[in-house]
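Taking it in order: structure first as structure tokens, then the write-up.
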Amino acid sequence: MSDKASPPATGKDLARKPRGFPDKREGLIHAQARLVETVTGVYRQWGFEALDTGAFEYADALGKFLPDDDRPNAGVFAIQDDDEQWMSLRYDLTAPLARFVAEQGQGLGRPFRRYAAGPVWRNEKPGPGRFREFWQCDADTVGASGFHADAEMIAMGAEALRAIGMRDGEFVVRVNTRRLLNGVLDSVGAEKAETRLAILRALDKLDRLGASGVADLLGAGRKDDSGDFTKGAGLGADEVKRVLAFAEAGAATRAVTLANLAKAAGFTDEGKAGLAELEAIALALEALGAPEDDVKIDPSVVRGLEYYTGPVFEAELLREVTGEDGKTYRIGSIGGGGRYDDLVARFTGETVPATGFSIGISRLAAALAILGEGAKLDGPVVVLNLDKDNPALALGLATELRRAGLRAEAYMGASSMKAQMKYADRRASPAVVIVGGDEVAKGTVTIKDLEMGAMKAKAISSNEEYRDARPGQIEVPRAEMVSAVRAIVEAQR
RNA sequence: GCCGCCUUAGCUCAGUUGGUUAGAGCGCUGGUUUGUGGAACCAGAGGUCCUCCGUUCAAGCCGGAGAGGCGGUACCA
């Protein structure tokens, strides 16, 4: 390892933040909380119950991703406990579930249907919408082997995305199965694990690189824009054609795709079993009411390489995302899942069928924030502190508002009124309460509706007129303060 | 991990062949207005020019190394 940032020469500490660990402020936090609430609400309605596990798991319980000397930080964040055992921060919510199920054993009734929402950590290179700490929201069914459980995951995932406000054509859940892929791999004679991996990775890039890029990757290899060369799978021309024809069988409706596959899939028993699996899922999707536009069968879907054993699904954001800087961002995958029948067997030897769906909350929240669809800011009512000799006046009024259930604060400090108004403005306050000498003398309070004030101010050009007009302002008897403020706040909802 | 581009005020950026005290717009603070968030005018604060090493009488500018950011690629359980 090379020397890291040198100690500051000035003796001051550097205010810096590890990349991929985002600071989250008001707007983003609320957008994220709303997503979690909505998605878990859908999961609950479908009959799933809550289960959360801790942030750390023993490294061996998470699988093969052990810290080693070659790449001590590959993939996971790991530390040694005081008994020298390696622990890792969980990288998803599924592996800890497998551990939990194995630990509970027969005591846990099955099928066990659970949902969870929380942060996970991956030690990888961050990018836009990609973090090293991020939230996922999962649902899993453990102990149900039939395709119905998979179809349910798919339909429920699509419904959850609808529930958070996705509309026609803004997203799609694409469905495939590992068995179909295995059939294709067998049919082109790919035996070496290395070759099979290379083919699957190439297929996974169909939507991004297009048919010609994938063809290069299936064959000799591909040179990208930066001049970097990626070694291909080394298939012959005929095999490349065959794999591509299969991958491009996806069509507008599930029935047509299945028909295409039936033609293209003259291959192995495993391939035929995969096709039958997809047909069964398609049938169940009808009964579950999953719209054709929301859920498609797409043979190019691969997803992760190791633990899925059957159906796999991937949710993708289709809407173009243009940031304030005018750049367009490709958000891509916002969730996915699949069947992982062997995950519990790692602990117990007993094969426990399981399937799950996961939505990437942080990535979705980031996308919605870029789209300017974060939660609308709603700041506190600010009680101005105008009577320098008696700040308790503002404190008392704010207390009165809070006791009435309103979000309120008294301005801390004795700045000019102008500064206090600017503060309220920046806090996105719905209203300010103004009580100075005049109001005290008259036994009244002045309340300014900041939203209405801003609106009316647009029509005023001269500053003097603006000051005189005092737009959006009302004066009411002191006893009516709470009800008047409440009326303003509620009118802005 | 690999390839390319970039890094000057809170933000967006200018900065001449290396030459005194590094600038602008926006934002921020204060004032004009003892008590009104927009507008206008005036004033002010705010900088280890990413860091370190080197070349030089002299470095924001030249050279080397490193860090960070952006884009691509690989990986993504």
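The chains referred to below are lettered A, B, ... by the order of the sequence lines, with proteins before strands, and numbering in each begins at 1.
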Indicate, with a heavy-atom threshold strictly under 4.0 Å, whether A:Ala457 touches base, sugar-phosphate, or nothing.
-> nothing
Which part of the nucleic acid, if any, lies within reach of A:Ala419 when heavy atoms closer than 4.0 Å are counted: base, sugar-phosphate only, or nothing?
-> sugar-phosphate
With a 4.5 Å heavy-atom cut-off, do A:Tyr466 and A:Pro471 have their side chains touching?
-> yes
What is the base-pairing partner of B:G66, counting Watson-Crick and G-U wobble geometry with both distances under 3.5 Å?
-> B:C50
Any sub-3.5 Å donor-acceptor pair from A:Ser88's side-chain atoms to A:Arg90's backbone N or O?
-> no
Separation of A:Arg303 atom CZ from B:C75 atom C1', in whole Å?
-> 14 Å
Between A:Glu439 and A:Arg478, is there a salt bridge with N-O shorter than 4.0 Å?
-> no
Identify all pairs in which a protein N or O lies below 3.5 Å from an N or O of nucleotides 34-36 of chain B, and state each distance.
| residue | atom | partner | partner atom | Å |
| --- | --- | --- | --- | --- |
| B:G35 | O6 | A:Gly437 | N | 3.3 |
| B:G35 | O6 | A:Asp438 | N | 2.9 |
| B:G35 | O6 | A:Asp438 | OD2 | 3.4 |
| B:G35 | O6 | A:Glu439 | OE1 | 2.9 |
| B:G35 | N1 | A:Glu439 | OE1 | 2.9 |
| B:G35 | N1 | A:Glu439 | OE2 | 3.2 |
| B:G35 | N2 | A:Glu439 | OE2 | 3.2 |
| B:U36 | O2 | A:Lys448 | NZ | 3.1 |
| B:U36 | O2 | A:Gln473 | OE1 | 3.2 |
| B:U36 | N3 | A:Gln473 | OE1 | 2.9 |
| B:U36 | N3 | A:Gln473 | NE2 | 2.9 |
| B:U36 | O4 | A:Arg470 | NE | 3.4 |
| B:U36 | O4 | A:Arg470 | NH1 | 3.0 |
| B:U36 | O4 | A:Gln473 | NE2 | 2.6 |

To the nearest Å, give me how far apart CG (A:Asp92) and P (B:A77) are.
-> 9 Å
With sugar-phosphate meaning primed atoms plus P, OP1 and OP2, does A:Arg130 contact a base, only sugar-phosphate, or nothing at under 4.0 Å between heavy atoms?
-> base
Has A:Lys205 got a side-chain N or O lying under 4.0 Å from the OP1 or OP2 atom of B:C75?
-> yes
No-H, no-angle donor-acceptor pair, A:Lys422 side chain to B:G30 base, under 3.5 Å = no
Taking the side chain as every heavy atom from C-beta outward, state whether A:Phe112 and A:Thr141 have any pair of such atoms under 4.5 Å apart.
-> no
Taking a pair as Watson-Crick or G-U wobble with both distances under 3.5 Å, which nucleotide is matched to B:U17?
-> none
Select from A:Gly453 and A:Arg363 the residue whose nearest nucleotide in RNA chain B is closer to the 5' end of that strand.
-> A:Gly453
Is there a Watson-Crick or G-U wobble partner for B:C76 with both distances under 3.5 Å, and if so, which one is it?
-> none
Do A:Leu161 and A:Ile359 have side-chain heavy atoms sitting under 4.5 Å apart?
-> yes
Examine B:C76: is either OP1 or OP2 under 4.0 Å from a nitrogen or oxygen in the side chain of A:Arg201? Give yes or no.
-> yes
Establish, for the pair A:Arg113 and A:Phe48, whether the NZ or CZ atom is under 6.0 angstrom from the six-membered ring centre and no further than 45 degrees off its axis.
-> yes
Rounded distance (Å) that lies between atom C1' of B:A77 and atom CD of A:Glu57 = 14 Å
Please measure how far the P atom in B:C3 lies from the corresponding atom in B:G44, and state the result in whole Å.
-> 50 Å
Determine: side-chain N/O of A:Arg208 to OP1/OP2 of B:U73, distance under 4.0 Å, yes or no.
-> yes
Respond yes when some side-chain nitrogen or oxygen of A:Arg426 is under 4.0 Å from OP1 or OP2 of B:U29, and no when none is.
-> yes
Kindly indicate whether the side chain of A:Arg174, heavy atoms from C-beta on, has any atom under 4.5 Å from the side chain of A:Ile297.
-> no
For A:Lys456, which contact category applies under a 4.0 Å heavy-atom criterion: base, sugar-phosphate, or nothing?
-> nothing
Counting Watson-Crick and G-U wobble pairs only, both distances under 3.5 Å, name the nucleotide matched with B:U29, or none.
-> B:A43
